[in-house]
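Beneath this line is the structure, given in structure tokens, with notes to follow.
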Amino acid sequence: SSSDQPKDEL
Amino acid sequence: MNIFRLAGDMTHLFSVLVLLLKIYATKSCSGISLKTQELYALVFLTRYLDLFTDFISVYNSVMKVVFISSSVAIVWCMRYHPLTRRTYDKDLDTFRHYILVGVSIILALLFHDRFTFREVFWAFSIYLEAVAILPQLVLLQRSGNVDNLTGQYVFFLGAYRAFYILNWIYRYFTENHYSRWISWLAGFVQTALYADFFYYYFVSWKNNAKLQLPA
């Protein structure tokens, strides 16, 4: 799921 | 990092530079919505909370500092700078932008990845950014003729999120289980809001005429 990914986008 | 995201970030950075140029070169912020600038400052302040906690890359940190400082500087200029503040179209910039903030807060409390402080603030910033341009678009329609730099500012600001949509499509196909449905939906709405502006911008460019938005 998207939650465990770091927010690497601006 | 992929080419679409880099193009998006560079377009976004360029839109900020064009806005700074417009205010500096014309010594005026006529045609610029202070409310949209305040909303963008809020978007960056609530999205980049991790600036001092999570280090992702020098590029990431530098861009966050640039976006936060430029948006806060523009709000300060338009509110308090003795020369610039007088040129602000106060009586045209009447969009009730606190409604946009309120709706974004409710949406963020309802729809988020995880119910944590960081994630709710991040979702809030995504929803708010999607609608932050509305006061500016309304002001452009009211102020009739749009000066070139202001038109270019809004154009690049709208184009950057379109590049981000391409970036999300690219990442969806190249990274397994990559899903950012909050960003996708909000990004789609954000870009769609520019549709009619893009149309009139293209028409004015094709006819080599002044950008005119229908009142």
Spatial distance of atom NZ (A:K7) from atom CG (B:N60) [nearest 0.5 Å]: 12.5 Å

Take atom OH of B:Y24 as the centre, draw a 6.0 Å sphere, and report whether it contains more than 12 heavy atoms from other residues, nucleotides or ligands. no

Hey, are A:E9 and B:R47 close enough for a salt bridge, meaning a charged N less than 4.0 Å from a carboxylate O? no

For the CZ atom on B:F115, are there more than 12 heavy atoms of other groups (residues, nucleotides or ligands in this structure) within a distance under 6.0 Å? no

Work out which heavy atom in B:I56 is nearest to a heavy atom in A:D8; give both atom names and the distance. CD1-CA, 3.7 Å

For B:F14, does the CZ atom have more than 12 heavy-atom neighbours from other residues, nucleotides or ligands under 6.0 Å away? no

Should we say atom CH2 of B:W76 is surrounded by more than 12 heavy atoms from elsewhere, each under 6.0 Å from it? yes

Between A:L10 and B:F67, what is the shortest heavy-atom contact and its length? CD1-CE1, 4.0 Å

